[in-house]
Amino acid sequence: MSETTTRASPLSDAAYTAFVEVAWDRHLRVATLLTGDAHRAEELLQDCLVELYVRWPRVSKSGDPHAYLRRMLVNGNVSWWRRRRRELLTAETPDRADPLSAPREPHEELRRALLALPRQQRAVVVLRHFDDLTEKAVAAALGCTVGTVGTVKSQHFRAMARLRELLHPVGLDEPKEAAL
């Protein structure tokens, strides 16, 4: 019986290990912002890193492994979302409150607002502002174009407008003039 899988060299393994040590925290934060759940984010990142390890010799030679991993995170999150988007009906109501019902910390409100965005808009905002990518890099990571309808610029515009609505409801941040 012949072995059909190729094994990475020790030098390649060392380079992969060094990459993971450097990239773990950064990409875990991106995954957390994409998924909205720390446990799901860690699972997503681990799954993507396993897939990246298999492709490591090719990825490390041909391009930017950070960009490749970001794309894997976005695609993996979309795949998970598609598998789980069917509604699960139960006969009984849950006996605990929804953890998203009330913000506990200042950044919690922003996290909830991000979770309220559609997944594509959330991915654009996270990659653009948190990961500090250019519009062109975001388009490459998401596999779309920069400036046509339904792509990075339009998704970003819609996402930012929605975030403004969610974070600053109309009428609450307008100063009232004192009557003279």
**Asked** Between Val59 and Leu52, does a side-chain contact (heavy atoms from CB on, under 4.5 Å) hold up when you go through it step by step?
**Response** CA-CA 8 Å; Val59 171; Leu52 181 63; 4.0 Å; yes
**Asked** In Å, rounded to the nearest 0.5 Å, how long is the span from CG of Leu69 to NE2 of His27?
**Response** 4.5 Å
**Message:** Looking at every non-hydrogen atom in both residues, tell me the closest pair between Ala23 and His66 and how far apart they are.
**Reply:** CB-CE1, 3.6 Å
**Request:** Could you give me the CA-CA distance, side-chain angles and deciding distance for Leu44 and Trp80, then say whether side-chain contact (heavy atoms from CB on, under 4.5 Å) is met?
**Result:** CA-CA 9 Å; Leu44 173 65; Trp80 180 84; 5.9 Å; no
**Asked** If you round to the nearest 0.5 Å, how far is CZ of Arg112 from CD of Glu109?
**Response** 7.0 Å
**Request:** Please round to the nearest 0.5 Å and tell me the distance separating atom CG of Leu49 and atom CD of Glu42.
**Result:** 10.5 Å
**Item:** From Gln121 atom CD to Gln155 atom CD, the distance as rounded to the nearest 0.5 Å
**Value:** 5.0 Å
**Considering all heavy atoms, the nearest Leu142-Ala123 contact** = CD2-CB, 4.0 Å
**Complete:** CE of Met160 to CD of Glu165, rounded to nearest 0.5 Å, is 12.0 Å
**Request:** Classify the angle between the aromatic ring planes of Tyr16 and Trp56 as parallel (below 30°), tilted (30 to 60°) or perpendicular (above 60°).
**Result:** perpendicular
**Prompt:** Which pairs count as salt bridge (Lys or Arg N to Asp or Glu O under 4.0 Å) when at least one residue sits in residues 62-76, sequence neighbours excluded?
**Reply:** Arg70-Asp131
**Contacts of type side-chain hydrogen bond (donor to acceptor under 3.5 Å, both in side chains), residue Arg40, not counting sequence neighbours** = none
**Message:** Filter on side chain to side chain donor-acceptor pair (under 3.5 Å), then keep only pairs touching residues 30-39, sequence neighbours left out; what's left?
**Reply:** none
**Message:** Would Val125 and Leu33 count as a side-chain contact (heavy atoms from CB on, under 4.5 Å) here? Give the steps.
**Reply:** CA-CA 10 Å; Val125 170; Leu33 289 170; over 6 Å; no
**Message:** I'd like to check Leu73 versus Leu34 (side-chain heavy atoms, cut-off strictly below 4.5 Å). Are they in contact?
**Reply:** yes
**Prompt:** For His156, what residues pass the ring-ring contact (aromatic ring centres under 6.0 Å, His included) criterion, not counting sequence neighbours?
**Reply:** His129
**Asked** Under 4.5 Å between side-chain heavy atoms, hopping through other hydrophobics if needed: is there a path connecting Tyr53 to Trp24?
**Response** yes
**CG on Asp47 to CD on Glu43, rounded to 0.5 Å** = 5.5 Å
**Asked** Listed by chain and number, what are the ring-ring contact (aromatic ring centres under 6.0 Å, His included) partners of Tyr68, not counting sequence neighbours?
**Response** none
Would you be so kind as to tabulate the donor-acceptor pairs closer than 3.5 Å made by side chains of residues 132-141, with sequence neighbours excluded?
{"from": "Thr134", "atom 1": "OG1", "to": "Ala137", "atom 2": "N", "distance (Å)": "3.1"}

**Prompt:** With a 4.0 Å cut-off, would you call Glu51 and Arg55 a salt bridge?
**Reply:** yes
